[in-house]
Structures are given as C-alpha cells and as structure tokens.
S.K.: 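Pasting a structure here, questions to come.
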4 protein chains.
Amino acid sequence: MDRIRVGIVGASGYSGTACARILAAHPRAAIAFATSDKWAGDIVRARLGAPIDPGLVFVPNREAIDRAGSIDAVFLATPAETSMQLAPAFLDRHVSVIDLSGAFRLPSADLYPRWYGHAHSAPTLLARAHYGLPELFGPPRFGADGTALVANPGCYPTATTLALGPLVRAGLVESDGIIVDAKSGVSGAGRQAREEYSFVELERDVRAYKLLAHQHTPEIGRSLGRLVDDGEEGEEGEEAPLRVTFTPHLIPVARGILATCYARPVEGTSSEELRAALVDAYAGAPFVRVVDPAHVTLNATTGTNDCVVGAICDDDVAIVTASIDNLIKGAAGQAVQNLNLLYGLPESAGLDRLTRHAC
Amino acid sequence: MDRIRVGIVGASGYSGTACARILAAHPRAAIAFATSDKWAGDIVRARLGAPIDPGLVFVPNREAIDRAGSIDAVFLATPAETSMQLAPAFLDRHVSVIDLSGAFRLPSADLYPRWYGHAHSAPTLLARAHYGLPELFGPPRFGADGTALVANPGCYPTATTLALGPLVRAGLVESDGIIVDAKSGVSGAGRQAREEYSFVELERDVRAYKLLAHQHTPEIGRSLGRLVDDGEEGEEGEEAPLRVTFTPHLIPVARGILATCYARPVEGTSSEELRAALVDAYAGAPFVRVVDPAHVTLNATTGTNDCVVGAICDDDVAIVTASIDNLIKGAAGQAVQNLNLLYGLPESAGLDRLTRHAC
Amino acid sequence: MDRIRVGIVGASGYSGTACARILAAHPRAAIAFATSDKWAGDIVRARLGAPIDPGLVFVPNREAIDRAGSIDAVFLATPAETSMQLAPAFLDRHVSVIDLSGAFRLPSADLYPRWYGHAHSAPTLLARAHYGLPELFGPPRFGADGTALVANPGCYPTATTLALGPLVRAGLVESDGIIVDAKSGVSGAGRQAREEYSFVELERDVRAYKLLAHQHTPEIGRSLGRLVDDGEEGEEGEEAPLRVTFTPHLIPVARGILATCYARPVEGTSSEELRAALVDAYAGAPFVRVVDPAHVTLNATTGTNDCVVGAICDDDVAIVTASIDNLIKGAAGQAVQNLNLLYGLPESAGLDRLTRHAC
Amino acid sequence: MDRIRVGIVGASGYSGTACARILAAHPRAAIAFATSDKWAGDIVRARLGAPIDPGLVFVPNREAIDRAGSIDAVFLATPAETSMQLAPAFLDRHVSVIDLSGAFRLPSADLYPRWYGHAHSAPTLLARAHYGLPELFGPPRFGADGTALVANPGCYPTATTLALGPLVRAGLVESDGIIVDAKSGVSGAGRQAREEYSFVELERDVRAYKLLAHQHTPEIGRSLGRLVDDGEEGEEGEEAPLRVTFTPHLIPVARGILATCYARPVEGTSSEELRAALVDAYAGAPFVRVVDPAHVTLNATTGTNDCVVGAICDDDVAIVTASIDNLIKGAAGQAVQNLNLLYGLPESAGLDRLTRHAC
C-alpha cells in the first residue's frame with residue numbers, strides 16, 4: 001500500500017517536533033513537508049536527528065496551504081487561533097486535519113473568548129470535529145467528503161479522562177464535586193524564551209498555576225460529561241458538561257503528567273469495582289495499563305504513548321491517578337494514533353517502538 | 001543570660017542534622033551533645049560544617065539519657081517508637097522535650113497501632129503534649145514541674161494546617177469533604193540506602209504514595225478539628241477530628257512541600273474573605289506570608305523557616321496552597337521556634353538568618 | 001531467515017535491562033531467556049514494558065549455563081569476575097559471547113589485580129577477545145570453532161576512543177600527555193541501594209571520583225595505543241599502551257557521558273585538519289556524527305546509540321569532545337551493534353528506532 | 001561604630017541579588033540604595049525576602065551616581081562596559097568601588113577588545129585596581145585619596161586560582177601546560193530570557209562552551225602568573241601571565257563550580273607535598289578547607305562562602321580540584337569579604353551564617 005502523505009505545520013514547537021520524529025519512523029506514513037518559521041531552510045533530518053529524507057527542508061509556515069496538494073493529512077501543531085484559520089483551508093483542499101490545538105475541542109464557539117482569549121473564526125466546524133481520545137470515544141472516521149477533522153485532546157484532558165472516564169461512565173462515582181490535581185513537566189508550556197521558564201528559576205520549584213482559570217477545564221468537563229449516564233457516545237451537544245475543579249501544577253521535569261483525580265464514590269463502591277471498571281474499559285486498548293496506584297509514576301510512561309492508571313477508594317473518596325508523557329500520549333503520539341485509526345492501520349503503528357526514558 | 005543547654009538525639013538524620021546546624025548558629029542556645037550511632041566518634045563541626053565547638057564529638061544514641069544532667073532541653077529526632085521511650089526518661093530528669101516524631105501528636109493511644117504500626121508505650125503523656133504549631137495553637141509553656149513536652153508537627157500537617165486552619169476556624173469553608181493533595185521533596189523520606197530512593201530511580205519521577213494510608217492523615221484531621229467552631233483552642237480531646245482525604249506525592253527535588261488544599265466554601269464566601277482571614281490569622285506571625293496563590297512556590301521558602309500561603313475560590317471550591325521547607329518549618333526550624341517561645345526568646349532567634357536556596 | 005536466539009545474563013542491572021529492551025524490539029533477534037536473581041519468577045514483559053513474549057519469565061542467574069543449548073549468543077551484563085567464569089562455559093557450549101564487563105578488555109591478566117581487584121580466571125581468552133568498538137577496530141568475526149568472544153567496550157573508553165582515536169591514528173596529536181576529563185550520569189554506577197547514591201545526596205552535586213585509579217584508565221590507554229602509528233589494527237599485543245590521565249566525574253543526571261579530551265597537537269595542526277580526520281574516520285559509521293564542539297551535548301545523544309564528536313585546537317592544545325548515552329552506545333546499544341555485525345545484519349538493526357530523550 | 005553605608009548597582013541580576021541578601025543581614029553594613037531597572041519601584045524586602053528596611057525601594061540604574069553622596073562603598077554588579085563608566089564616577093565622588101565585573105581584572109586595556117568585545121574606557125584605573133582574592137593576594141587597602149577600587153575575581157578564576165595558586169607559588173608544578181576543566185551551574189550565565197537557557201533545553205544536558213575563547217582565560221593566566229617564582233605579590237605588570245587552557249562546561253544545576261585542574265608536577269613531587277602546600281597557604285583563611293579530592297563536591301560549598309580544595313599526583317600529572325558557590329565565593333560573598341577586609345572588620349562578618357543548601 002502507498003504511504004499516507006502527511007504535512008506538519010508548526011514543526012519546531014515541542015509537539016510538532018515530537019510529531020515529526022514519530023512520523024519520520026512511521027512504517028506507513030511519509031512526511032511530505034514540515035513547516036517552521038524559526039527553522040525555515042534548515043534540513044529536517046539535521047534538526048530532528050530522525051531517519052527522514054535528507055533532502056527535506058523546513059518551509060515557512062505561510063507556505064503550508066500551498067502544499068496541501070501534496071498530502072493526504074495534515075498535523076496542525078499550531079496555536080488555536082492559527083488552527084482555526086488553517087483547518088478549513090486544508091479541509092477545503094480535501095486534506096484531513098489532525099489538530100493538536102484546542103481550536104476544535106469545545107462544543108460551542110461561545111466558550112472560546114473566555115477560555116482562549118479570542119473568538120472562534122470557524123465555528124461551523126465544531127460540530128464536525130471528532131474528539132480524538134479513541135479509547136473512550138472511538139476512532140475518527142472520514143466524512144462524506146472523504147476528509148476528517150480530529151480535535152486531538154489536550155495533555156491534561158487526556159490523562160484526566162482516561163483516569164475518570166470509565167468510572168463516570170459506569171456510574172461508580174458521582175459526577176459532581178470532581179477535583180483534578182495535575183502535575184506537569186515544563187515542556188507543557190511549549191518552547192519558551194522567558195526568564196520565568198529559565199533553568200535557574202524553575203530548578204527545584206513546584207507551583208500551582210492558572211488556578212480556576214486553565215483552558216483545559218471546560219475540555220475536561222465536556223469529555224467527562226459526554227460519558228455520564230449511558231456509557232454511549234451520545235449525540236453531540238446533548239450531554240451537559242461536568243463542573244470540574246482543575247488545578248495544574250508545574251514540576252521541575254521536562255516531560256510527563258501525573259493527574260490525581262478525586263471523586264465521591266457511589267455508596268458501596270469498592271476499590272475492586274473501580275479497578276474492574278478500568279480493566280474492562282481498556283481491555284482492547286494497546287496503550288492503557290491498569291496498575292496499582294502506587295505504580296502510577298511518570299517514569300512508567302515517559303518516552304512512550306502509554307498511559308498507566310490506578311484507582312482506590314474508601315467510603316468518602318475515590319482517588320484515580322494517571323500518568324502519561326504529555327508530548328506523546330498527550331499530544332503527538334495520540335495524534336499519530338488517530339491517524340492510524342483513521343486510515344485503518346494498526347493502532348500502534350509507529351508508536352510501539354518508542355523507548356522509555358527511565359533506566 | 002546564660003545559654004539554653006540543649007541535646008540532640010538522632011543528629012545524623014536529615015531533621016536532626018538540620019536541628020544541629022540551626023542550633024549551632026543560635027545566639028542563645030548551646031549544643032551540649034549530639035547523638036548518632038552512624039557518626040559516633042566523628043567531630044560534629046566537621047560533619048555539619050557548622051560554627052560549633054570543634055571539640056564536640058557525636059556520641060552513641062544509647063548515651064543520650066546519661067547526659068540528661070547536662071541539658072535544659074532535648075530535641076528528639078528519632079522514630080516515634082524511640083521517642084516514646086526517651087521522652088518520659090528525659091522528662092523524669094527535668095529535661096524539656098521537643099519531639100520531632102509523631103509519638104505525641106495524636107490524641108489517643110488507640111490510633112497508633114493503625115497509623116504507626118505499633119502500640120504507644122507512654123500513653124499518659126499524650127494529654128500533656130503541646131502541639132507545637134504556634135501560629136494557630138499558641139506557644140508551648142512549662143508545666144508545674146518546670147518541664148514541657150512539645151509534639152513538633154509533621155511536615156505535611158504544618159503546611160496543611162497553616163493553609164486551611166484559619167479558614168476552618170473562621171467558618172469560611174465546610175469542615176467535611178476536605179481534600180489535601182501534597183507534593184514533597186525526597187528528603188521527607190529521611191536518609192535512605194534503598195534502591196527505590198536512588199538518584200537514577202527518582203530522577204524525573206513523580207508519584208502518589210501511601211494513598212489513604214499516610215500516618216499524617218489523623219494528625220491533619222485532629223489539628224483542623226481543634227480549630228472548628230469557636231476559633232479558640234478548646235479543651236484537649238473535645239473537638240472531633242475532621243475526616244480529611246490526604247494524598248502525598250513524591251517530587252524529584254531534595255526539599256520542600258507544596259500543599260494544595262480543596263474545601264467547599266460556605267455560601268457567599270469570596271476570595272477576598274479567604275485572603276483576609278489568612279492575613280488576620282498571621283498578622284503577628286513572623287514566618288507566615290500571605291501571597292497570591294500563583295506565588296506560592298517551593299523556591300519562595302526553601303532554605304528558610306518561612307511559610308507562604310495563598311487562597312482563591314469560586315462558588316464550588318476554595319483552593320488554598322502553602323509552601324514550606326519540610327526540613328525547616330516542617331521540622332527543625334519549627335522545633336527551634338518552639339524552643340524560642342518556650343524560653344521567652346524572640347520567636348525568630350537563630351532562624352532569621354537562614355538563607356534562601358533559590359537564586 | 002531465522003532469528004538469532006540470544007540470552008541475557010544479569011538482566012536486572014541497568015545495562016542488562018537496556019540490552020533486553022533493545023533486543024525485545026530487534027527485528028532479527030529473539031530473546032530465549034533472561035536471568036536475574038532479583039527478578040527471578042517475574043514476567044519479563046511486565047518488568048521492562050517491552051514488546052516481548054508475555055510468557056517469558058526471568059530465571060535465576062545460576063540457570064544461565066543450563067540454557068546454553070537454547071541460544072546462539074549470550075550477552076553477559078555481569079561483573080567482570082562473573083564474566084570470567086561464564087564466558088568460557090558458554091564458548092565451550094558453542095555459544096558466542098558478548099561481554100559487557102571489563103573481563104576481556106585488557107591485554108594481559110597481570111593488569112587485573114590492580115585495576116579490578118582480583119586475578120583473572122580465564123587468561124587464555126584475553127588474546128582471543130575482539131574489542132568491540134567497530135568504528136575503529138572493525139567488526140567481530142567468528143573463530144574457527146564458529147563462536148566469537150566480544151569484549152564490549154566500557155562507557156568511558158567508548159566516548160574517549162571515538163573522540164581521540166582518529167587523531168592519534170592520523171598522527172595529528174602527540175601520544176603522550178593526553179588528559180581525559182569525563183562527566184558521567186549516575187546510572188554508570190549501576191543500580192545502587194546505598195545512601196551515597198540516594199537522590200537527596202546526589203541532587204545538584206558534582207564531583208571527581210577514583211582520581212588516578214579508575215579501572216577504565218588502562219582500557220583507554222590500550223585502545224589508543226593500538227591506533228598509534230600506522231592507523232592499522234596491528235597484531236594483538238604489539239602496540240604499547242598510552243599513558244593517559246583519566247578523571248571521571250559524577251553529574252546529577254541519570255544518563256549520558258561527555259568526555260573532554262586534551263592532547264598536544266603536532267606542530268602546525270589546524271582545527272580543520274582535526275575535523276577532517278574525524279569526518280574521514282566516521283564516513284561510513286552510521287552512529288557517529290562530527291559536529292561543532294559547541295554542539296557536543298548530552299541531549300544530542302541520550303536515548304540513542306549515537307555518538308557526537310567535535311574538535312578544536314590552537315598551537316598548544318587540541319580539545320576533542322564526545323557525547324554518548326552510557327547505557328546505549330556505552331553498553332547495550334554497542335553490544336547489539338556488535339551482534340549485528342557478527343551476524344552480518346545491518347549495523348543499525350534494532351538501533352535505528354531508539355528515540356531521543358531530549359524534547 | 002557606625003555602619004558602613006553601601007549601594008548596590010544592578011541588584012536584580014543573580015550576583016547583585018546575592019550581594020543584597022548578604023548585605024541585608026550584615027552586622028556592620030547598611031544598604032543605602034539598590035538599583036535595578038527591571039524592579040524599579042518595587043520594595044526591596046519583598047523581592048529579596050531579606051531582613052531589610054521595609055521602606056527601601058529599588059531605584060533605576062541611572063540614579064546610582066546621584067546617590068553617591070549617601071554611601072561609603074558601592075558594589076557594581078553590572079556588565080564590564082557599565083562598570084568602566086561607573087567606577088571612575090564613584091571614585092571621583094569619594095566612594096570606594098567593589099566591582100564584580102571583569103572591567104578591572106586584566107592588566108592591560110589592550111586585552112579588552114579581544115576578550116570582552118569592546119575597548120576599555122577607563123584604562124588608567126587598571127593599575128590601581130586590587131585583585132580581590134585575599135587568600136592569595138592580600139586584603140584591599142584604601143589609597144591616598146581614601147578610596148579603594150577592588151576588582152572582585154570571576155567565579156572560574158576564583159576556583160582555579162585557589163586550587164592551583166599555592167602549588168604554582170611553591171614551585172611544585174610546572175607553569176606551562178596547565179589545563180583547567182571547569183563545570184559550572186547555570187546561574188553563572190546570569191538571568192536569561194533565552195530559549196537555550198530554558199528549563200526544558202538544559203535539563204539533563206551537559207556541554208563545553210566557549211572553547212579556547214572564554215573571557216576568564218586571561219584572568220586565570222594573570223593571577224597564576226603573578227604567583228610564579230617568588231611567592232610574593234610583585235609589582236603590577238611585572239609577571240608574565242601563564243598560558244592556560246581553560247574549558248568551561250555547563251551542568252544542569254543552578255549553582256556551583258567544580259574546577260578540575262591539571263598540571264605537570266615538578267619531578268619528585270608527592271601528593272603529600274601538594275596537600276601540605278595547600279594547607280600551609282590556607283592556614284589562616286577562614287573560608288578555604290583542604291580535603292581529600294574525593295570530598296571536593298558542589299554540595300560541600302553551595303550556599304556558603306567556602307571553598308574546598310584537594311590535590312593528588314603521580315609522576316606525570318598533578319590534579320587539583322576546587323568547589324565554590326559561583327554566586328557567593330565566586331561573586332557576592334567574596335565581594336563582601338573584600339568589604340570586610342577593607343574596613344578592618346572580621347573577615348567573615350555577614351558570611352558565617354550562610355546556610356548550606358545540601359541536606
């Protein structure tokens with residue numbers, strides 16, 4: 001079979017670079033172009049150290065659309081505001097879009113000014129976008145026009161929804177009063193040339209940030225809300241989003257997210273039932289492993305597309321933890337997983353050889 | 001005035017070493033002896049790099065009691081089981097005890113088998129012990145026999161109670177459903193010669209541990225419970241402890257605790273009221289600063305006896321964060337603060353010259 | 001073609017684990033057994049998170065020899081003293097041996113008591129062993145009996161010899177007065193359950209260790225000595241080893257070696273000539289890249305089998321730096337590279353999909 | 001006695017901040033003003049967390065000279081080019097200058113274009129400046145006009161000269177062929193808002209930088225050159241600087257320098273003689289300790305004004321290592337030490353209570 005031709009827009013950000021590295025080694029995809037204003041003109045292979053056509057050179061971002069004709073699918077590793085512009089342009093040119101920004105993750109354009117700081121410039125696409133957390137919302141599919149728009153989930157929502165989703169869906173925990181306390185490595189903030197992200201400032205530091213204000217809050221509320229009740233992916237827009245308290249923390253490591261999630265168990269729920277619900281939910285999922293909560297660690301997943309989850313409860317509280325690599329399962333790896341599913345490839349193509357970073 | 005003569009038992013553990021370093025530079029205390037089986041015979045000054053009598057040599061732990069006659073007060077930096085043995089022996093010899101273990105922090109001997117794994121061998125002392133968090137429970141005082149027993153708080157309870165205590169006391173948050181998600185540096189586990197605490201294993205790792213089972217859980221519940229209702233320190237044993245969910249996490253830094261605390265605000269409570277309650281509670285406290293929650297960071301306190309706290313809320317949740325150095329405000333520094341208060345010295349004697357570790 | 005059947009002895013050490021992870025994903029090798037006393041009975045797949053036969057279980061070290069009949073080649077990730085025992089036993093059973101210890105790296109049994117602290121129990125094998133740094137000493141080959149014994153180089157000698165070897169061979173630097181100042185991540189010391197290797201003790205620390213006494217010193221001297229003069233691999237034992245000053249340092253990172261090497265340039269030598277000699281030496285080497293010395297960083301190689309080298313000089317000194325991952329190119333990766341070459345596979349089989357650890 | 005009134009110019013850089021923190025707690029100095037364009041208008045106490053007049057506010061850099069009348073001495077924590085402008089202006093106003101930049105460290109204005117990238121605008125002051133490494137070059141003294149100009153040494157030259165100086169002076173090592181391989185924490189580069197100094201880029205990375213081109217090279221050569229021969233501080237400009245190879249490395253820690261120095265020992269020199277020469281040189285020095293080279297670690301000094309040194313040799317090479325905190329003994333602490341000596345205060349005033357950062 002021919003390789004799927006892909007483009008990457010924004011390939012010099014951490015997520016874009018991670019996409020490019022994974023796709024360069026993908027057995028069934030071929031990178032037709034990668035854009036970056038910062039690295040425009042540089043040889044991709046030299047920058048990434050990836051096994052890729054040595055003739056491939058980064059092109060400026062503005063040339064992305066001009067190259068739509070050369071590809072089947074595009075990965076947008078761009079800010080939400082840019083993705084809103086690019087996605088319809090690529091779709092119009094019959095290119096499927098896997099968007100790594102938040103541009104198409106929320107149900108309504110009304111939410112964008114508050115959470116993203118700007119209006120939505122392509123609101124009609126929101127209903128069409130598939131939320132690309134395949135373990136809980138199924139694989140993306142081509143539309144009638146032969147293209148797909150995948151809203152690749154955010155890093156925090158990925159960890160959180162994989163942790164809590166099956167329990168919400170199974171009705172084992174109450175859907176109100178959920179608290180998510182998440183710890184993230186610094187790469188989650190993207191490439192930074194700011195003093196506050198300098199090594200000296202962040203070494204040995206830990207802090208909560210964007211309290212009650214992080215843009216992933218409504219995304220988590222929506223994804224969990226869709227899972228309430230019947231366990232089925234309902235019609236878009238039907239389910240009420242959950243009100244979730246979400247507090248992200250910055251931790252002095254480069255990569256990884258640990259999400260510690262708290263919910264009230266439905267009366268009589270046991271730790272065994274929580275675990276069974278997780279095991280059942282992920283029985284066919286190649287990347288999610290259910291383990292003892294004491295084994296849910298960053299080192300268990302960093303460098304891979306894996307997620308490990310664990311749960312425990314007493315009468316008052318259920319605690320569910322999940323660990324992912326924010327740049328892989330929380331961004332680029334999941335994007336490639338969605339590409340694989342969209343094209344009917346093995347779900348783990350290009351993802352099963354990623355090596356752990358821990359010794 | 002003569003210097004207060006002190007002894008330190010268990011001076012080679014991290015807390016004991018921190019005690020010795022602070023006391024060595026204390027303007028009004030003099031170290032009469034320091035015990036350590038590991039360093040027995042070694043020169044204290046050489047081990048600690050502290051400005052102390054160069055003739056002082058570590059003595060074995062078993063010699064501690066024999067030297068009771070040479071001191072006014074002793075710091076027990078020993079396991080709870082050892083402190084239960086030593087505290088009555090020192091008190092009998094008219095030596096005041098500042099115990100850094102959990103031996104005298106819980107209200108009832110019944111709690112020890114479950115949380116500490118062994119029975120309490122000196123249960124009659126529990127009622128006598130003063131819980132040494134002076135900002136909320138006042139200074140320790142000598143008893144009729146001229147001695148005092150201070151139960152120096154645990155590191156997690158110190159951060160948590162300083163964060164939530166004033167809000168519980170002021171009735172601004174509900175006393176049930178409190179969740180504490182705490183992040184601690186590795187020194188909290190003490191000196192370790194175990195593979196799982198080796199540099200390679202812990203570098204870049206984050207994990208929750210002892211979920212629903214950490215021994216500081218009942219201590220937090222008790223200290224917050226005492227503050228409920230009237231804002232006064234009531235009679236010992238009267239107040240019901242709060243049921244608190246406490247989840248500690250290990251973070252790859254040597255020192256520091258960040259506690260992120262979640263409670264339901266009483267209807268109508270604003271962030272400003274939370275902040276005002278904290279400011280009011282700590283108006284005369286030299287070591288606690290109320291700041292914006294975004295400025296509650298480990299680097300703000302590491303190396304010092306300071307605590308920074310911050311709070312924010314919406315209709316559903318109040319979030320209060322606190323940062324301390326687990327070995328100083330969470331152990332040795334607070335122990336010296338209690339010594340100062342007990343002897344009527346300035347509260348910050350020996351503690352106001354500690355230098356921050358951040359640049 | 002059938003897969004090469006391999007065994008791994010000592011699979012729970014960091015090098016052994018790295019071997020197992022790489023071999024588990026190797027397209028042409030199959031792990032028949034892996035030994036570990038520590039993990040005996042555990043499922044290999046669960047411990048390593050590697051895509052390996054889920055039925056494979058760690059067996060005790062003592063069973064290694066009994067399983068010789070099931071394999072073509074064995075990786076010994078064992079202490080030198082153990083390798084001296086195991087290597088002849090496997091060779092006798094027609095199993096090729098790739099030994100990751102220092103047991104077969106030195107030219108003479110006389111050197112072992114001083115540098116390794118014990119006598120050599122299999123001295124007759126020293127002359128037979130191939131020093132497995134293929135970029136400079138060629139591929140290993142089967143002997144007349146159909147087996148091979150590969151002495152896989154040490155981590156420091158790998159970095160140092162790749163840096164200086166081509167310059168020594170080309171006669172661009174003097175062979176006396178060479179100084180190697182190397183910086184290594186902590187995993188180089190192996191799995192440790194000692195306080196001095198605990199996270200708290202090593203965080204933010206840097207130190208030199210084993211000054212003038214590290215066991216890799218004679219290995220470096222020998223490998224460089226073999227390259228002096230004619231640029232050819234001479235007869236074993238002919239070349240005099242170089243006297244090299246080697247100072248290793250411990251750096252607070254888990255993985256990686258940076259070797260900074262100093263030599264006196266032959267009069268008139270330019271930086272361009274140094275660079276040209278390196279480029280020429282590694283023209284056909286898939287894993288070694290010649291870069292500007294400012295780009296020789298740990299992050300350029302960590303997680304991969306790559307080595308980056310760079311050189312600069314003035315009239316008085318030539319400085320050559322090299323970076324490798326100590327567990328991969330410095331141990332397990334190079335061992336697999338030697339396996340590939342021995343069996344005529346592509347040199348990078350199983351090694352070209354290792355992912356960088358830096359973002 | 002009245003307090004010495006001091007000003008700090010450039011108090012928001014890491015060295016300037018360290019100066020301000022130390023001086024705020026100094027028993028005999030009083031900060032009259034601190035300048036910073038970045039923090040102009042902010043309360044000094046709030047920014048530094050130091051026990052300082054709460055009314056003190058940062059003033060813009062341009063106001064520094066206007067405030068000369070309020071101080072006895074000024075600390076210039078400014079770039080060399082700025083110090084060249086400010087030093088003569090303060091001296092003209094009868095204010096002694098302790099300059100932390102390289103502006104007055106080299107013997108000749110001719111050297112500045114090459115090493116600092118600009119001409120020297122105050123060349124006549126070079127002969128007057130005292131190189132402030134008091135352990136080897138004596139205390140600074142007031143000139144006939146009642147002022148002094150102290151060129152406070154660079155961080156690398158401090159560590160290197162304290163390591164090698166006594167051995168050069170004692171004639172135990174050859175003065176040619178010296179190689180200095182130094183490892184520095186990231187704060188040595190100053191506050192940075194550049195991507196290359198971001199946490200994610202530098203975590204776990206190590207690299208050599210400015211090979212054969214670092215501006216501290218001629219400073220090291222000069223300070224060692226002055227010590228050759230007679231062990232006396234000769235007339236300025238008489239001694240030939242040594243040709244030293246100096247290679248700095250960046251290490252992923254915030255603070256600290258470890259300098260590993262290599263020299264050829266004079267025939268017959270023993271490790272004991274090296275050690276004796278160091279012990280003799282530092283017999284009266286409160287901040288320098290001679291230890292076994294294996295105990296020369298960053299953690300031994302970080303947070304303090306201490307330097308630890310150790311030496312070992314064989315027939316071919318002498319290795320001397322030294323560790324300092326680059327911001328304290330390598331900058332602000334040494335500057336205060338020079339202030340103390342200039343004013344006849346105890347050498348360690350304000351410096352003996354600095355607390356170690358290691359546990």
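Computed from a predicted model, the values in this text were never measured in an experiment. Letters A, B, ... mirror the listed sequences (proteins, then strands); counts begin at 1.
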S.K.: Residue by residue, which of residues 282-290 of chain A have a heavy atom closer than 4.5 Å to a heavy atom belonging to chain C?
M.R.: none

S.K.: Report the residues that fulfil side-chain hydrogen bond (donor to acceptor under 3.5 Å, both in side chains) with Asn61(A), sequence neighbours left out, ordered by chain and then residue number.
M.R.: Thr35(A), Asp37(A)

S.K.: For chain C, which residues from residues 12-24 of chain A lie under 4.5 Å away (heavy-atom distances)?
M.R.: Tyr14(A), Arg21(A)

S.K.: Evaluate whether atom CG of Leu56(A) has more than 12 neighbouring non-hydrogen atoms of other residues, nucleotides or ligands under 6.0 angstrom away.
M.R.: yes

S.K.: Between chain C and each of Glu203(A), Arg204(A), Arg255(A), Arg191(A), count heavy-atom pairs under 4.5 Å; write down the option with the most.
M.R.: Arg204(A)

S.K.: Which of residues 351-359 of chain C have a heavy atom under 4.5 Å from any heavy atom of chain A?
M.R.: Asp352(C), Arg353(C), Leu354(C), Thr355(C), Arg356(C), His357(C), Ala358(C), Cys359(C)

